[in-house]
Amino acid sequence: MNRTTTDPVDGVDRRSVLAAGAAGLSLSLSGCMDNVRSVVTGTTDDQLSLSIATVSQDDNRQSPQIARHIEGNLEAAGIDATIDMRSQTEFLEMVLIEQDYDMFVGLHPGDFDPDYLFEALHSTYADEPGWQNPYAYSTGRNFVDDLLEDQRRADDEQERQEILTDLLEEFVSEKPFEPICRPHEFRIGRGDRFDGWHDGHFATQRGYLGLEPTDSNDDNELEALITDSRPTQNINPLMAENRERETIIDLVYDSLGTVIVEDDEDGEDGVDTDDHVVEYRVEPWLAESWEWIDDEDGTNTAHVTLREDVTFHTLEEDETGEPLTAEDVEFTYQLLENTTLGQGNTSPAPRYQGHVSAVDVDGIEIENEYELRIPFHTSTMVGERAFTVPILPKHIWLEDELDERIGSSDDLSAPKGEWGLVTSSAIEPVGSGPYQFADQSDQNSLTLERFDDHFSIGSDEEDLLEPIVEELTFVADTGSASSVERIASGGSDFTGTMLEAYAIDDVPDDDSLETMPASSWTFYHLGFNAGRVDGPPFYDPQFRSAICRLVDKEFIAEEFFFGYADPIAVPVTDEWVPEAFEWDGVDPETPFAGSDGEVDVNGAISAFESIDSIDYRYDEDEEILRRN
């Protein structure tokens, strides 16, 4: 715990409050303490207890540090707080599948487009598995739902920004979750082994395309270190708790479009500065092109033309890959919408629900083998995000997997997100992407081989990066410090996982190393379980806001991330942040109740006292929050 309750702070520390209460209130404290006493109930029910779920330090060093910071400040405010530390997989199962938690601290995958908030917050998804509203948040008056829907239908960017501003104003008032800070993405690679490190963002497939061995490198095999071993165990693209980012999936599975990130400059010392511009857009990839058509009813339809002669991978060398056609595209959207395809309980894929919800799946029309029309419920801006889902082979997922599992009625009636098709590690990893599955060593490594029949190889299309490296091996490593040492010593080529902040300053100044700072759309956040009826009162936005006032984001960014993170007030990338919510040293809506990480107890208590509907009030003698 990083707070010392006896240290003086701007306000009044907890020990001082208790001492004053025992000896009779001093003049300086009397106003505040009178206010505290005014809500004493005299009841003897239990003290309010809260549990903060997070991952272990081995999985992520900052998450438990943030959790301990919040735990200490909760205790200072008279709340019994504990930390529930889990492995990464256990943590994501608890939060995304079971939704069995009070609060949690973790890294949210975020997105380059703010429409991800639709799946993160819309009440429709309150009981869905995955990153679909894991907070079980619902306003009860659907105002947030309306804004979430309006922003995705706005075709004009200015109009959409205005709606998003209204949405974010509601967000900071409601606090369904609390964004804390956005970590800087930072990786290193061996410049003496490969060229082309800066052609694409390494959170996307494009980071690995265009890389080529230097003249002194004869083996053309790249080894990337990852501190998360889950991809070495399961690369089922539908499994929610098995990964946070899609990079490896995007290497194995093509999508209609690919995300291009253009960063006009990198800041000094590898840190992004405030004056640079980052642009995100979706460009055709597996689709040769798409054309938007305005329908008479005001909706949008994309006429998509696929590349011809694209085939799926095979698992046997002497086999010929099946062609990828419009039927596979239609099938993919149908499967993501309901993984039982109507043959059991409706069970949407735990990933990509926000993407697929933009599509009128029933309205997809196949014109011929390589052309289809895809109608959308949304604007074209949001619709193009749906082009980034992995296109799955119908002959594998329907004929080899789903049909085999239909014989088990138990499987088809399993809870959403928990049936075999979306949890199995035995799904054949067959896509059409630039790299194909080669080998997997459980909890150790995953090897992908270049797919020599990929459409990008030998193409003369501008900006169409192709796979040049023959073999990519992702090796699980113990942590960022170890990864830096291995790369610096020549024992490996690249840090596939972004370095944790504590290790960035340990990167040696070596001409053979390439440093790769990059913009990020992920963020650390504090999640509340608003849907738990038998737990703490997280249903109340005032209670959530009072908790948020115990989080010192500026302190967290400086002390736990060593400055390699930016505190944030709202969970969208910079281009979408309204001026009113730009960070200016403090959170504009819920400023920290204290300073330098230490909570001002009186300020924190006042925040809880001011809640109208809370079922808890402060105890007369102990200054702890008890049930009425």
Side-chain angles (χ1 to χ4, degrees), residues 55-61 63 85-93 107 109 187-190 193-194 202-203 205 207-208 211 213 217 219-253 313 315-317 351 390 420 422-431 433-451 467 469-500 502-503 506:
V55 299
S56 70
Q57 182 169 303
D58 290 340
D59 288 316
N60 184 302
R61 185 167 295 194
S63 286
M85 204 167 289
R86 306 289 183 106
S87 71
Q88 187 79 3
T89 299
E90 290 174 342
F91 168 75
L92 291 178
E93 285 177 354
L107 190 62
R187 296 175 175 82
I188 60 172
R190 297 291 311 187
R193 292 260 300 155
F194 294 93
F202 278 95
Q205 63 173 198
Y208 292 86
L211 280 176
N217 180 5
D219 58 16
N220 199 10
E221 297 175 358
L222 184 144
E223 181 178 287
L225 301 177
I226 51 177
T227 54
D228 180 354
S229 66
R230 288 174 293 168
T232 70
Q233 303 165 47
N234 189 336
I235 56 171
N236 183 339
L238 305 188
M239 192 170 180
E241 65 272 32
N242 202 48
R243 66 189 188 282
E244 288 159 344
R245 309 186 89 164
E246 312 295 342
T247 315
I248 291 176
I249 297 300
D250 289 346
L251 289 168
V252 177
Y253 296 87
H313 310 150
L315 298 178
E316 302 294 336
E317 292 185 359
R351 301 190 80 95
V422 298
T423 59
S424 173
S425 61
I427 301 290
E428 291 186 348
V430 173
Y435 284 91
Q436 60 185 340
F437 176 85
D439 193 21
Q440 196 170 32
S441 175
D442 193 11
Q443 300 190 35
N444 184 31
S445 66
L446 167 70
T447 298
L448 306 178
E449 293 177 343
R450 186 178 63 200
F451 182 43
V469 174
E470 292 179 353
E471 188 172 283
L472 298 176
T473 299
F474 296 89
V475 176
D477 196 28
T478 54
S480 292
S482 169
S483 294
V484 169
E485 290 179 4
R486 289 178 65 171
I487 303 295
S489 67
S492 193
D493 299 314
F494 176 59
T495 54
T497 306
M498 66 182 196
L499 293 179
E500 290 191 84
Y502 75 91
D506 293 334

Undergrad: Is the shortest heavy-atom distance from the side chain of Asn217 to the side chain of Phe194 under 4.5 Å?
TA: yes
Undergrad: Does any N or O in the side chain of Asp493 come within less than 3.5 Å of the main-chain N or O of Glu223, such that one atom is a donor and the other an acceptor?
TA: yes
Undergrad: Asp477 side chain to Leu225 main-chain N or O, any donor-acceptor pair under 3.5 Å?
TA: no
Undergrad: Would you check if Phe451 and Pro467 make a side-chain contact, meaning some heavy-atom pair closer than 4.5 Å?
TA: no
Undergrad: How long is the span from the OG atom in Ser483 to the CD1 atom in Ile188, to the nearest 0.5 Å?
TA: 8.0 Å
Undergrad: Heavy atoms only: give me the nearest Ser424-Asn234 pair and the separation to one decimal.
TA: O-ND2, 3.3 Å
Undergrad: Mind running side-chain contact (heavy atoms from CB on, under 4.5 Å) on Leu92 and Arg230 for me, showing each step along the way?
TA: CA-CA 12 Å; Leu92 291 178; Arg230 288 174 293 168; 3.0 Å; yes
Undergrad: Is it the case that the side chains of Gln233 and Ser229 hold a donor-acceptor pair, with the cut-off being a distance below 3.5 Å and no angle test?
TA: yes
Undergrad: Quickly, which of Ile487, Val484, Asp506 forms a side-chain contact (heavy atoms from CB on, under 4.5 Å) with Leu499? Name it, please.
TA: Val484
Undergrad: Is there a donor-acceptor contact under 3.5 Å from the side chain of Gln88 to the main chain of Asp228?
TA: no
Undergrad: Between Arg86 and Glu93, does any side-chain N to carboxylate O distance fall below 4.0 Å?
TA: no
Undergrad: Can you check whether Ala488's main-chain N or O pairs, donor with acceptor, with Arg190's side chain at less than 3.5 Å?
TA: yes
Undergrad: Apply side-chain contact (heavy atoms from CB on, under 4.5 Å) to Leu238 and Arg351, showing your working.
TA: CA-CA 6 Å; Leu238 305 188; Arg351 301 190 80 95; 5.8 Å; no
Undergrad: Hey, what do you get for OG1 (Thr473) to CD (Glu449), rounding to the nearest 0.5 Å?
TA: 9.0 Å
Undergrad: Between Tyr208 and Ala224, what is the shortest heavy-atom contact and its length?
TA: OH-CB, 4.4 Å
Undergrad: Is there a side-chain contact between Phe474 and Leu448 in this structure, where contact means two heavy atoms from C-beta onward sitting under 4.5 Å apart?
TA: yes
Undergrad: Drop me the distance from Tyr435's OH to Arg450's CZ, to the nearest 0.5 angstrom.
TA: 7.0 Å
Undergrad: Taking all non-hydrogen atoms of both residues, which atom of Val55 and which atom of Met85 are closest, and how far apart?
TA: O-CG, 3.5 Å
Undergrad: A side-chain contact here means heavy atoms from C-beta on lying under 4.5 Å apart; do Ile226 and Pro231 qualify?
TA: yes
Undergrad: Look at the side chain of Arg193 and the backbone N and O of Glu221, then say whether any donor-acceptor pair between them is shorter than 3.5 Å.
TA: yes
Undergrad: Between Gln440 (side chain) and Thr232 (backbone), is there a donor-acceptor pair under 3.5 Å?
TA: yes
Undergrad: Considering all heavy atoms of both residues, which atom of Tyr502 and which atom of Arg61 are nearest to each other, and what is their separation?
TA: CD1-NH1, 3.4 Å
Undergrad: Are the side chain of Thr247 and the backbone of Ala203 linked by a donor-acceptor contact shorter than 3.5 Å?
TA: yes
Undergrad: Give me the atom names and distance for the closest heavy-atom approach of Thr478 to Ser482.
TA: OG1-CB, 3.2 Å
Undergrad: Can any side-chain N or O of Thr227 pair as donor or acceptor with the backbone N or O of Ser480 at less than 3.5 Å?
TA: no
Undergrad: Could you check whether Phe437 and His313 have their ring centres less than 6.0 Å apart?
TA: no
Undergrad: What about the rings of Phe202 and Phe494, do their centers lie closer together than 6.0 Å?
TA: yes
Undergrad: Judged by atom type as modelled, is there a donor-acceptor pair below 3.5 Å linking the side chain of Asp59 to the main-chain atoms of Ser87?
TA: no
